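Comments concern the structure below.
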Amino acid sequence: MDRYEPEQIEPKWQRVWADARAFNVPNPEPGAEDEKRWYQLEMLPYPSAKSLHMGHVFNYTMGDVVTHYHRRNGARVLRPMGWDAFGLPAENAAIREGGHPRDITEASIVLIREQMQRLGWAIDWDREVSSHDPRFYKWTQWLFLRFFERDLAYRRAAPVNWCPNDQTVVANEYVVDGHCERCGALIELRNMTQWFFKTTAYADELREYELPPGGEWPERTKTIQRNWIGRSEGAEILFRVDELDRDIPVFTTRPDTLFGATFFVMAPEHPFVDEYASEAAKEYAKHAGARRAEDRAAEEEKTGVFTGHYATNPVNGEKLPIWVADYVLMDYGTGAIMAVPAHDERDGEFARTFDLPVRTVINEDGVLVDSGEFTGTLANEAKTAIVDWLHKQGRGAPAVSFRLRDWSFSRQRYWGAPIPIIYCDACGVVPVPDEDLPVLLPDVDDYLPKGKAPLASNEEWLHVDCPKCGGPATREADTMDTFVDSSWYFIRYVDPTNDEAPFGRDVVDYWMPVSQYIGGIDHATGHLLYSRFFVKALNDMGMLGFREPFARLYHQGWITMGGTKMSKTKGNLVGPDELVEEYGADAVRLYIMFMGPGDQDKEWSDSGIEGTVRFLRRLWRLVHEVAEQAPTDGEPGPLTRKTHQTIARVSDDIARRFQFHTPISALMELVHALAEDPAAPDARFAAETAVSLIQPYAPHIAEELWQALGHERLWEQPWPVADATALEEETFELVVQVNGKVRDRFEVGVDLSEDELVALALASERVQAHLNGAQVRKTIVVPRKLVNIVVG
RNA sequence: GCCGGGGUGGCGGAACUGGUCAGACGCGCCCGACUUAAAAUCGGGUGCCUUCGGGCAUGCGGGUUCGAGUCCCGCCCCCGGCACCA
């Protein structure tokens, strides 16, 4: 028997699989149905200059186990890989170290692909896509144009999050506590013209999960998304500014407090302020609007200025002074509110600061007071009654408001997909015609961020003829947020070489939605929400036949170092290379799966990997012993049942419980049992099964041992099936309790009646000792488990 | 504050629907075998206390039950989301 030398066998089997195209999965012929299919996907990596870290190894190994499991259970399994290749880190590295972002990115891709191949993951490399490849971003641009045509992508001036460090706009979803999620810099508010995707058009639908049968999302992810979308039901009410003959709408969730309104407040950015407000109010608005939202919220005292105008309360004709104050946000509701200081904490605070009147209109019993004809109504009933009344007057209607904002996706940086838009003095905003796609990202000499897009300085590229009128025009110089790329990359995988369309509908509808998506929960309100938005919109465009991109979603825990998530921004990375070199890919894979439950964070330590290696060596030695010593047609024996139990446990854990560490424990138990007697009549069956079951975790050693046992091509062998009759036992260990405490245990036959079991229990000397002659009050029998004797 | 998740040996964790003295499997540690020695390997031990009968143990306090890590109530702590969103 040779020694277990992973450095010998792993490259060998990787070559065998590649030559056999073991994990390349062609699309089915049209019309091919009645076939199990599985689309296994993990979030694609960002090819940083460094390499994979143990967090990736964990994530992709988990996906790999699932992939092998479903392949060997007869499914056609799609398991692709690609690169989220655009983005700031490569661009910043290029600025820092010289070179071109493309070169840096592509060099990283080469390295990471090699790392992945060394780990032996079952990936269909024919389907590899990279977001920076013109063959990919051509279709990103094409999809943008479809959104643009339907007004789901639009341009407007708005206060946006500006990262002074990255010199670009950041989407709300990636501003955390007022800081840039990527680089940590303090975010500023700037009023800029930006491109937006109209995610709010799908606000309601994004709160619902239209998952296919068997689909399931974690409750906490849905909660996070629903919090983020933040739906509020209420009413929109028109207040009139008589002297200007203008109506100003407000949104409120408390129409029942309408009689308690004593003043009126607008956001600093409200157009009314700029148009009609007093100079003092305009001055205030100018300063307030420029401040960060964080600072606005943090200040102790509320601030504001009277605009010089009054709004009329439609319900009682009262004239309310209109103030401008920064506690009212322009991009929520209508940007203006009716202020009810008695029943709203913030309005109350403002009223105290500026000594404005407070009027209570709901008493402790929740009944309206001082509210005209609605006095005496319960607040809840008053809500609808007042809105009904307003509606009849043409002064209000029920309304729903969302916290969710549209997704700003234009970036003032270089390394991204150009937005295919042309500005013409004569024709305005003109989309680049489909036949002119892709708009190639040109090389530039200088991509230093300067607050405007680097592409804007590339005169040659910038100036084009207008596609409509042929006149002089300029290109949009902003590029797209990389989250646009990742909002559809998973669809491109199913049809990666299509050059007629981003994807063909038939093949997409065959494979999708993704059966199982694995990735970090940090993308709950970003990537995962954007992808759902994309799919719903594409479904409405008739481009695909489903409403959700990901049927089942799983969030792996972080691999931490020093308590914080392993990530390139933190710089606390441990890569797999040294470990693979020292212990082999199988040991690394097995170890990282064995570390604990997949959804929990785990502090990285390699102190336990030795145990995993010991286990593999023991398996190696034992299987060779079995191959030599055990009979080839042995009878079932004591090992047989243990083997079937292990099949059942491993299969159930992987398929149903999605738990990947306990199968390894079960396999270790089986191997221990096998070690008792490697020459046993059923040792060969046990050994073959153990090798077969460990294959998803440690495919190289499994393949080698499978061969040692005289077989071939384990990767395509059917997954073992537990034999139900073999699982049945003839006897079981009866536990006998007295008053709930275990006092004796012994083997009994499974076919005994309850009375017989009780009789046996009572016959036990140890039980008798604890009974002490006391009266038996009651006996409880749990079939196949225990007898509990209750006394005293 | 509101919403969601979680607290089990020295450590990672197991116990899947209330039912095998809770602690599988692994790490670590201790003892032993092999060895001139070490490594590797193999075998054994390892929750706490104990008068060796047993007692106590799953964040804390109560409850339901013949029986609770598992269910219910209250509290403490940790992690995550939302938070001037009208």
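Numbers restart at 1 for each chain; the letters A, B, ... are given by sequence-line order, proteins then strands. Note that this is a predicted model, so its numbers are computed, not measured.
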Donor-acceptor pair between D406(A) and T200(A) side chains, under 3.5 angstrom: yes
Phosphate OP1/OP2 of A39(B) contacted by R614(A) side-chain N/O (<4.0 Å): no
Pairing partner of G26(B) (Watson-Crick or G-U wobble, both distances under 3.5 Å): C11(B)
Sugar-phosphate only, base, or nothing, as touched by D347(A) at under 4.0 Å among non-hydrogen atoms: nothing
Base-pairing mate for A33(B) - Watson-Crick or G-U, with both contacts under 3.5 Å: U41(B)
Sugar-phosphate, base or nothing in reach of R220(A), heavy atoms under 4.0 Å: sugar-phosphate
H672(A) side-chain proximity, nearest of C3(B), G19(B), G26(B): G26(B)
Sugar-phosphate only, base, or nothing, as touched by Q600(A) at under 4.0 Å among non-hydrogen atoms: sugar-phosphate
Touch class at under 4.0 angstrom, heavy-atom based, for G333(A) against every strand present: nothing
Electrostatic pair D326(A)-K302(A), nearest N-O below 4.0 angstrom: no
Pair E349(A)-Y327(A), side-chain donor/acceptor within less than 3.5 Å: no
Minimum-distance nucleotide to N227(A) side chain [options: C25(B), C82(B), A40(B)]: C82(B)
Sugar-phosphate, base or nothing in reach of R649(A), heavy atoms under 4.0 Å: nothing
